[in-house]
Amino acid sequence: MGQEAITLFQLNQKIKGVLDDAMMHSIWVKAEIGELRVNRTGHCYLDLIEKDDAGDQLVARSRAMIWARNYRMLKAYFESSTGQVLSSGLKVLVKVTVQFQEVFGLSLIITDIDPSYTMGDLARKRREVLMRLEEEGVLEMNKDLELPAVIQKIAIISSPTAAGYGDFINQLESNPYGIKFYHHLFPAVMQGERAEQSIAEAFDRIFNYIDFFDAVVLIRGGGATIDLLCFDSYWVAYHIAQFPLPVLTGIGHERDESVADLVANTSLKTPTAVAAFLIEKAGEFLAVVDDKALQVAEVARDLIQAEKQRAEHIAASYVPNVKMDLQRRTNTLERLVGKLPVMASRRIGIENNLLARLKEKIFDYGGQMVKQQRIALHHYQQSLLSLPGRRFAAEEKRINYLENASRLNDPEKLLKKGYSLTYAGGKLVKSAAEMNPGDTVNTRFYDGELTGKVEKVRLNKK
């Protein structure tokens, strides 16, 4: 070939020499953990990445590792400082040395990590989410909603298998007041990459039944801070902030509040704390109802006592009035008793005169009625005497008419006039439509019969 060449091993040796000369000291590097895995020997292997400002495209990528003895210390230090598990998705500030090996190529050896950088990045993201919600005018929307006096119909967003959900339901159903809470679970993934979308979709499902529920409860049991990052996301916070029902959160962390807590109507620390809040609120309402019931009972007792006193006063004043009225009525009755014989005698005379007049009218009316009935009876008698003759004449006339009609319609006479009768199968044929070619027919004339077969049937057109 003629070109001067070196082996791949020699090339990698030159690269290693250049890097060794240039990178004599360790250096702090900002990057995002794209992937993290620990092998059985305890060494930690990472894939460090960097994205552009939009967060869509990779602009840099490199392999890194932490030796087992360092990884145990750095992991414990990082997690105790941040409250988060060292895992993929976190932005970190790590101290590295650049190492190039002829066989394995370029890699970064991590020797230290700064937890404050990661905590600052998460805090920055939370501030950005809160500022965006404020700019859109929805930050305080859910907080401005008024909580019902009793929250009895509850839509729950949680994982159905979470211990926090079970504790919440148990506490609600075993409340000391015996209050019946109506609740329905809208299940959602509460950690990991799908959590944000799953929680948002649960809010969308609840919206379809918004008229039924009093409030929404978003609950999750305790866990590592990294598992709760979805509650700092914009979309979860946006769905809570603009939701038309009050949202109560019980996300189960004792550190800083999440963005979801900050935009929710009411924020409590744990699922059981949310249950206790709902029970206490219902208990306060019951106490108000009981107090009002006592007030009503007291007012009723006062009214009853007042009415009782008024009745006694009326009764006390009523007895003399009754006695006076009774005496007045007694005097009137005595006067009437004294007048009774005279009035009775006068009344009897009037009734006797009336009875005599009625008696005379009855006799006169009876004679007239007898006379009228005799005249009517005579008329009926005359009618009965003439009725058989008229009846016989009418019947004789009707019989003569029927005899004439019978003679005119006699089939023998019709046959003598040239008409004939056709029979098929012993039955009179009345229409050509009843016959078919080949049928046997008998035709009767005045003076005899003939038998033949039908050759053709022709029907007249209507």
Side-chain angles (χ1 to χ4, degrees), residues 208-209 211-212 325-326 328-330 332-462:
N208 295 327
Y209 306 94
D211 293 334
F212 179 78
D325 185 66
L326 184 60
R328 185 170 59 253
R329 291 176 183 273
T330 302
T332 301
L333 183 61
E334 289 175 352
R335 288 196 301 272
L336 291 174
V337 170
K339 294 179 180 180
L340 184 60
V342 178
M343 295 175 65
S345 177
R346 185 184 302 169
R347 185 67 181 176
I348 290 171
I350 293 171
E351 294 297 328
N352 285 333
N353 292 333
L354 179 61
L355 185 61
R357 289 197 297 273
L358 288 174
K359 184 177 180 182
E360 293 175 359
K361 289 182 178 181
I362 287 171
F363 280 120
D364 293 341
Y365 181 74
Q368 292 177 3
M369 287 294 295
V370 170
K371 185 177 180 179
Q372 291 176 358
Q373 292 298 322
R374 283 177 178 175
I375 293 171
L377 184 61
H378 178 72
H379 287 319
Y380 288 145
Q381 185 179 9
Q382 296 297 323
S383 298
L384 288 173
L385 290 175
S386 62
L387 179 62
R390 293 197 304 273
R391 183 71 176 177
F392 285 136
E395 289 298 321
E396 185 178 4
K397 185 176 180 180
R398 189 174 72 85
I399 290 170
N400 290 334
Y401 171 79
L402 293 174
E403 286 178 350
N404 291 332
S406 177
R407 284 195 299 272
L408 291 174
N409 292 322
D410 186 1
E412 293 294 334
K413 288 187 175 184
L414 292 174
L415 292 175
K416 286 180 180 181
K417 291 180 180 181
Y419 294 100
S420 64
L421 298 174
T422 301
Y423 294 86
K427 295 183 179 179
L428 181 65
V429 178
K430 297 180 180 180
S431 170
E434 298 177 5
M435 305 304 296
N436 295 307
D439 290 346
T440 301
V441 295
N442 294 321
T443 302
R444 178 182 174 189
F445 298 94
Y446 168 71
D447 56 352
E449 294 183 1
L450 62 84
T451 300
K453 286 191 176 181
V454 176
E455 293 184 356
K456 184 178 180 180
V457 177
R458 185 181 66 202
L459 300 178
N460 294 331
K461 295 183 179 179
K462 293 184 179 180

From [X] [atom1] over to [Y] [atom2], what is the distance, rounded to the nearest 0.5 angstrom?
{"X": "Leu355", "Y": "Ile348", "atom1": "CG", "atom2": "CD1", "value": "12.5 Å"}
{"X": "Arg347", "Y": "Leu340", "atom1": "CZ", "atom2": "CG", "value": "13.0 Å"}
{"X": "Thr443", "Y": "Leu421", "atom1": "OG1", "atom2": "CG", "value": "9.0 Å"}
{"X": "Lys430", "Y": "Thr422", "atom1": "NZ", "atom2": "OG1", "value": "13.0 Å"}

Looking only at non-hydrogen atoms, find the nearest pair between [X] and [Y] and report the distance.
{"X": "Ala432", "Y": "Arg458", "result": "CB-O, 4.4 Å"}
{"X": "Asp439", "Y": "Glu434", "result": "OD2-O, 4.5 Å"}
{"X": "Val429", "Y": "Tyr423", "result": "CG2-C, 4.1 Å"}
{"X": "Asn436", "Y": "Val454", "result": "O-CB, 3.7 Å"}

Problem - Results of side-chain hydrogen bond (donor to acceptor under 3.5 Å, both in side chains) for Asp325 - residues two or more places apart only - result: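 Partners of Asp325 by the side-chain hydrogen bond (donor to acceptor under 3.5 Å, both in side chains) criterion, ordered by chain and then number, come out as Arg328, Arg329.
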Problem - By side-chain hydrogen bond (donor to acceptor under 3.5 Å, both in side chains) - contacts of Ser345 (at least two apart) - result: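 Here no residue qualifies.
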Handout entry: Glu351 atom CD, neighbour heavy-atom count above 12 within 6.0 Å
Key =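 Result for CD/Glu351: enclosed.
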Problem - Enclosure of Tyr209 OH (heavy-atom neighbours >12, cutoff 6.0 Å) - result: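 Atom OH in Tyr209 is not packed in, count stays at 12 or less.
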Exercise for the section: Check whether any side-chain heavy atom of Thr332 lies under 4.5 Å from a side-chain heavy atom of Arg335, and answer yes or no. Expected result: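 Counting from C-beta outward, Thr332 and Arg335 do come under 4.5 Å.
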Exercise for the section: Check whether any side-chain heavy atom of Thr451 lies under 4.5 Å from a side-chain heavy atom of Thr440, and answer yes or no. Expected result: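 Yes; the side chains approach each other to less than 4.5 Å.
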Practice task
Using a strict cut-off of less than 4.0 Å between a Lys/Arg side-chain nitrogen and an Asp/Glu carboxylate oxygen, indicate whether Arg398 and Glu395 qualify as a salt bridge.
Solution key: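 Looking at Glu395 together with Arg398, the answer is yes, because their closest N to O distance falls below 4.0 Å.
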